[in-house]
Amino acid sequence: MTDATALSEPVIRAEHLTAAFGPHVLFRDVSFEVRRGEVFVILGGSGCGKSTLLKLMIGLVPPAAGRVSILGTDVWSAEGADQLALLRRIGVMWQQGALFGSQTLLENVEMPLAEHTRLSPAARAEVARAKLGLVGLSEAAGRLPSEVSGGMLKRAGIARALALDPPILFLDEPSAGLDPITSAGLDALIQDLARSLGTTFVVVTHELASILAIGDRCIMLDRDAQGVIAEGDPRRLRDESTHPTVRAFFRREAA
Amino acid sequence: MAADEAPPPGAFDTHDEAGATVLALSGRLDTEAAAALWPRLVAAAAKGPAVLDIARLDALDTTGATLLLTAEAAAAGNAIRGATPAVASVLDRVRAALAAPRPKPERGLSPVARIGQAVWHGGLAARDGVAFLGELTVTAVRTLLNPARFRLRELLRHLDEAGTRAFPLTILLGFLLGVILAFQSAIPLRRFGAEIFVPNLVGISLLRELGPLMAGVILAGRTGSAYAAELGTMSVNEEVAALRVMGIDPMALLVLPRVLAGMLVMPVLSLLLTLAGLAGMTMIMGLLGFPLNTVLQQLSSWLQLSDLLGGLAKAAVFGLAIGAIGCRAGLGAGRGPRAVGDAATAAVVGGIVAIILLDGVFAVAYERLGL
């Protein structure tokens, strides 16, 4: 195995995925691969099934058809110890942070460490502090989620997702509801973590600036087409795509 | 496959090199390995100047890096050497993260200051409570002067929710209460051959005390908590703020119909509970061999209309208190996921405490008035 193939080794493989709520099909026959160390963006307009695709990849919503495997383990057939091992190797940042409101940010980050490692309480606190430091929240460690801003909530959500140092992080709408400066700061953080820790990121977003800033590769879902209408480097899609919806999306035109 | 090539879990050995202790780490220092090595490595590094040699480390995650940096800081003169580029990148990133300023520890208040703070907060809450009552009164008077502004539909909805939907529960509890009271009092009275006075005892307790009190507990549990949860969710979602900004008084739209509904349904619930209780008592008396006529005779000779009216008036005041406390708890709800739950609890606890306190006030007042 050469270095070049090792770099592009797929860590997530989605094959012929179909998602449907009853008779209503969101998308069908979606296949793609996410390679180790890249920032992979799932983009598309509202209601195209981006978030559902994410939930399907992390095992929350079952696919109507098709399969997803993460690091060689099939998400929907793994059970017991296999499933736990898989869950320990992924981290998820939820759209609203989903931090536990009765615990401080530090306690939020400590929770998975307490549940899944044998670290002593003192060591755990030190590790949790390091994770909060990684996302620039050292000074807010003792605050409750209700006492911090929206951007800080998302950072804390990333810190908690990083708690067990998973090789893959899923981010659901990291820039939603943030001002451009905070959003750009979050983009810089994602790139920094991808570079310094080698983490693979799967990001669901529709923020154009964010897609162009962080995305190594992307797929674009479309509600009308019920599937993927474009795949590749987002900057090339912006400049070269001839698909009318893709062009409208990148040029911010009304379709 | 990557799994076959995965380096072994991290380990370290100790040797001396030109007078200095060298702790040589190897393998993959991930979260799991770091947790296993943590106490031993930090203890070894704390002994004195030590060099942490990480040249043979294959992989490092941020938890492992935290361990290395903790070990480095465990004693003066410790140093880390030999990081490969991949490992150095993670190590440098975590070093920067841990170097960020920590939160300043909050200075706790002294016990005396804490008592003062509690009293101050209690005083502020009492002031807010009085202000709420005042605002409610002003809104009520304004609505009386301009009845067209009153939201009748809202009132009807709340009358249904707090009243008619509570009827089955009220009848059930009242009936059981009557049965239990009659049965329990019949046992000691039988020793004196005085079972005939069971209707007197049960009737007076239900009409004057238990009817309004039990109906109040039902209203506080069913409706007071619902008011608090509903208004609490509305204020957390900024719906109450939106009303204010639109120039709509939340007092008139949200609070007044609810409080009025509480006040109007309480006498009904209390009467229903009392009647159901008397029915339950009559059933027990029938089982003890006393015919319906005897029971009615006892009741009509002993009970007066003032007993009933006094109880119903009391019930109306209880309803007012429970409704106002529930709405106040909801509108005053804080932020965060626990706020709505806290508001509902405060509404139920506050409502029950309030009706029992008010019951005491009524007992004294009725006694003075000779009722």
Side-chain angles (χ1 to χ4, degrees), chain A residues 1 6 9-11 36 71-73 85 88-89 96 98-106 112-114 116-120 122-147 159 162-167 192-193 195-199, chain B residues 1-6 28-43 59-71 73-74 85-106 236 333-342:
Chain A
M1 205 186 261
E9 168 198 359
V11 287
R36 188 179 293 279
L71 297 164
T73 310
R88 286 185 57 166
R89 301 179 76 184
Q96 311 291 339
L99 297 169
F100 307 114
S102 54
Q103 301 180 330
T104 63
L105 301 190
L106 191 77
L113 290 167
H116 292 299
T117 71
R118 288 169 296 152
L119 288 167
S120 69
R124 209 157 65 208
E126 196 59 26
V127 173
R129 245 180 230 116
K131 315 280 172 179
L132 282 173
L134 284 174
V135 298
L137 282 181
S138 294
E139 279 181 284
R143 290 205 235 159
L144 291 171
S146 55
E147 299 168 346
L162 277 173
L164 296 170
D165 277 283
D192 169 39
L193 293 175
R195 219 177 15 244
S196 60
L197 307 182
T199 311
Chain B
M1 282 305 289
D4 301 330
E5 296 162 12
R28 122 187 92 81
L29 194 56
D30 58 8
T31 307
E32 212 170 311
L37 286 185
W38 197 291
R40 279 189 294 137
L41 186 66
V42 173
L60 181 71
D61 73 5
T62 60
T63 303
T66 312
L67 167 60
L68 288 179
L69 293 166
T70 307
V87 166
S89 150
V90 175
L91 195 61
D92 291 345
R93 190 65 187 77
V94 174
R95 193 188 292 278
L98 281 170
R102 301 265 174 103
K104 297 177 205 81
E106 274 179 34
V236 168
R335 290 182 62 197
R338 281 197 301 185
V340 174
D342 288 346

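In this text, all values refer to a predicted model and were calculated from it rather than measured experimentally. Lettering follows sequence order; numbering is per chain, from 1.
- Side-chain atoms of B/Ser89 come within 3.5 Å of backbone atoms of A/Ser196 as a donor-acceptor pair (strictly under, hydrogens ignored).
- Using a 4.5 Å heavy-atom threshold, the side chains of B/Trp38 and A/Thr117 count as separate.
- For the residue pair B/Thr66 and A/Lys131, no side-chain donor N or O sits within less than 3.5 Å of a side-chain acceptor on the partner.
- Across all non-hydrogen atoms, the minimal contact from A/Gly133 to B/Ala97 is C-CB, 3.2 Å.
- The contact between A/Ala163 and chain B is made entirely by backbone atoms, counting heavy-atom distances below 4.5 Å.
- Heavy-atom pairs under 4.5 Å with chain B were tallied for A/Arg118, A/Arg124, A/Arg143, A/Arg195; the largest tally goes to A/Arg118.
- Atom CD of A/Gln96 has 12 or fewer neighbouring heavy atoms from other residues, nucleotides or ligands inside a 6.0 Å radius.
- A distance-only check finds a donor-acceptor pair linking the side chain of B/Arg93 to the backbone of A/Leu134 [under 3.5 Å].
- Contact detail for A/Leu119 and B/Ala35: the closest heavy-atom pair is CD2-CA, 3.5 Å.
- Here the rule is side chain to side chain contact (heavy atoms under 4.5 Å, CB included) with A/Asp165, and of B/Leu60, B/Thr63, B/Val90 only B/Thr63 fits it.
- Using a 4.5 Å cut-off between heavy atoms, B/Thr31 contacts chain A through its side chain alone, with no backbone atom that close.
- In this structure, A/Glu126 places its CD atom where more than 12 heavy-atom neighbours from other residues, nucleotides or ligands lie under 6.0 Å away.
- Looking at A/Arg88, only its side chain comes within 4.5 Å of chain B, counting heavy atoms on both sides.
- For the residue pair A/Ala130 and B/Val94, the shortest heavy atom distance occurs at CB-CG1, 4.2 Å.
- Taking the side chain as every heavy atom from C-beta outward, A/Leu197 and B/Thr62 approach each other to under 4.5 Å.
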